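Shown next, in C-alpha cells, is the structure this report addresses.
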Amino acid sequence: MSAGSRYSELLTSRTREESLLRVPRKFSEHEMQAHWFAGDFGREFTATDGRRVSVVQFGVWNREAGPDFVEAAVAIDGAEPVRGCIELDTDVRDWERHGHAENPAFESAVLHVFTERGGSEFFTRTRAHRLVPQVLLDVSSLTDEPPNPQPEAKPGRCVAPLRELPEEKVREVLLGAAEHRLKRKAAALARLGEIHGADDALYQALATTLGYKSNKLPFTLLAQRLPLKLLRGAKAGADALIFGVAGFLPTREFPPESREYLRGMWSGWWAQRAEFERLTVPADLWKLGGQRPLNHPQRRLAALAQIVRHWTKIRALRQRCDPAGITDFFATLSDEFWDFHYTLTSKASAKRMALVGETRVTEMLANVFYPLAFAEDSSRWLGFKNLPATLSNRRVEIAALRLFGPDSARAASLLRSAAIQQGLLQIYEDFCQHDASDCIRCRFPEQLAKW
Ligand code: SF4
C-alpha cells in the first residue's frame, strides 16, 4: 500500500468523538454558483420529485438579464438531453420572489437549483405554467467544513510523538499526506476538464491560484465568466475584458501616471461594455487590503492576461510539466506597465517587479501543473516529491508550530520540500482544523505510533 493510501486510511477515524454542535457555514449565492459551475456538486442528481437528473452541459454564464446559466443541457431519467437555461437560487421561493415565474427570459429553464427548500412544498413553474425540474443541492457534500477553521498558533499534542519518531518515518507520514492531497487535487481538476475541456480547466485553475487565499472566489468567477476561447478572440484585447469584468475600469478619470495605459484599455472595454457588463464581478467580493502591495489583485489580473496572451506556450508547459521550464517562463514574463506599478493608479516604482514571483510559481506547480500531470500519469508523483519549496507561508508556519513546536530544526530541514509543505498543510486541515477539543480528542498522535 502506498504512503498516500495509508494516510487516507488514517482519516476514517480522525477524532475520538464528534463534537456535539456542528453549525454548517452559510454559502453566498456567488460561492454556490462558482461551485456549481466547477462541477463540485457533481453532475448526477435526484430531483425533488424523484426523477434522475443528469447535467450533460453546464452551459455558459449568461451575459443578459435572465437566468444564471444559458446553453445548458439536462437529461431527465435517461431521456434525450433538453437544452435550455439553469437558474441557481439560495431559496427555492426566490423563483417567485424575484419574478422569474412571470419573466419570459426564464421560459426555457430546464433546471431550478437551490440550497434551501423552506417549510412548504413549492413548485417551480414558468410563465406558460410548465413545471421545471428542481434539484436541492446538498451543501454538506461540498466540503467537510471544519469546526475549527483557525486553530490556535501553539504547539499541539503531537509534538512529543513526532519528536520520538525517526526522521525518515516523519518524512514518510508527511509525504503520505502530500500524495493524498495531490490525488484529491488531480481528481478535482480531471472533473473540471471533463466539464469544461482541458484548456479551460487549466486556465480556470491558474486563475484561482492567482487569487491567493483572499481573492480565490472573484478570480474563479472571472475565469468562469470569461472563458479562454472568448478572451483569446477578444477584439478589445484580453486585458480590457479582464479588467472591465473585474470591475476595475469604472471611470475615465485617469491619473496622469497611468493615463496612456488606462486610456487604451478603457476604450477597448467601452466598446464591449454593454455586452459584458452583467458579468461584472461584484465589488464587495474583492479583498484589496491586508496583503503585500506586490500581490495586489490587479497585478494578478495582469498576470492572467499574460497567461491568455501566451496560451500556446502555457499549454506546452502543462504537457511537459517541467518545473524549470515553468519557472523560467514566469520569470521572464514582462509587461511595460505592470513591471513598475502596484495598481492601476499607483505611482511608478523605481524598481522593476516580477509579475509572478517564485512562490506563486511553486503554488501553481503544486496546485495545477503537477495535479494535472498526475491525473494522466501517476509516476509524476516522483517529480513532485523532489520539488524544492520556495518560501513558506503563514499557514505552513502555524502548522509547523503545532506539530513540531517552536524553532524545530527538524521542521526547518523537512520544510525545504514543497511536497512536505503540502503534506503538513493536509494534516493541519484534516486534523487540527477538525479538532475542537484543544488536541484532547484528536487521534493523530496515537495513529502516528502505528504508522
Ligand atoms: S489537533 Fe491533532 S494534529 Fe493538530 S496539533 Fe493537536 S494533536 Fe496534533
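Numbering of ligands and ligand atoms starts at 1, following listing order. Keep in mind it's a predicted model, so treat the numbers as computed, not measured. The figures that follow rest on heavy atoms only: side chains count, while hydrogens, waters and symmetry mates do not.
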How are the rings of Trp286 and Phe248 set relative to one another: parallel (under 30°), tilted (30 to 60°) or perpendicular (over 60°)? tilted
Taking the six-membered ring for Trp, are Trp95 and His112 parallel (under 30°), tilted (30 to 60°) or perpendicular (over 60°)? tilted
Return all protein N, O or S atoms below 2.8 Å from atom 8 (Fe) of ligand 1, chain by chain in residue order. Cys158 SG
Would you please name every residue forming a salt bridge (charged side-chain N to carboxylate O under 4.0 Å, His left out) with Arg360, sequence neighbours left out? none
Could [X] and [Y] be called an ion pair, given the rule that one side-chain N must be under 4.0 Å from one carboxylate O?
X	Y	answer
Glu363	Lys213	no
Arg6	Glu179	no
Lys154	Asp438	yes

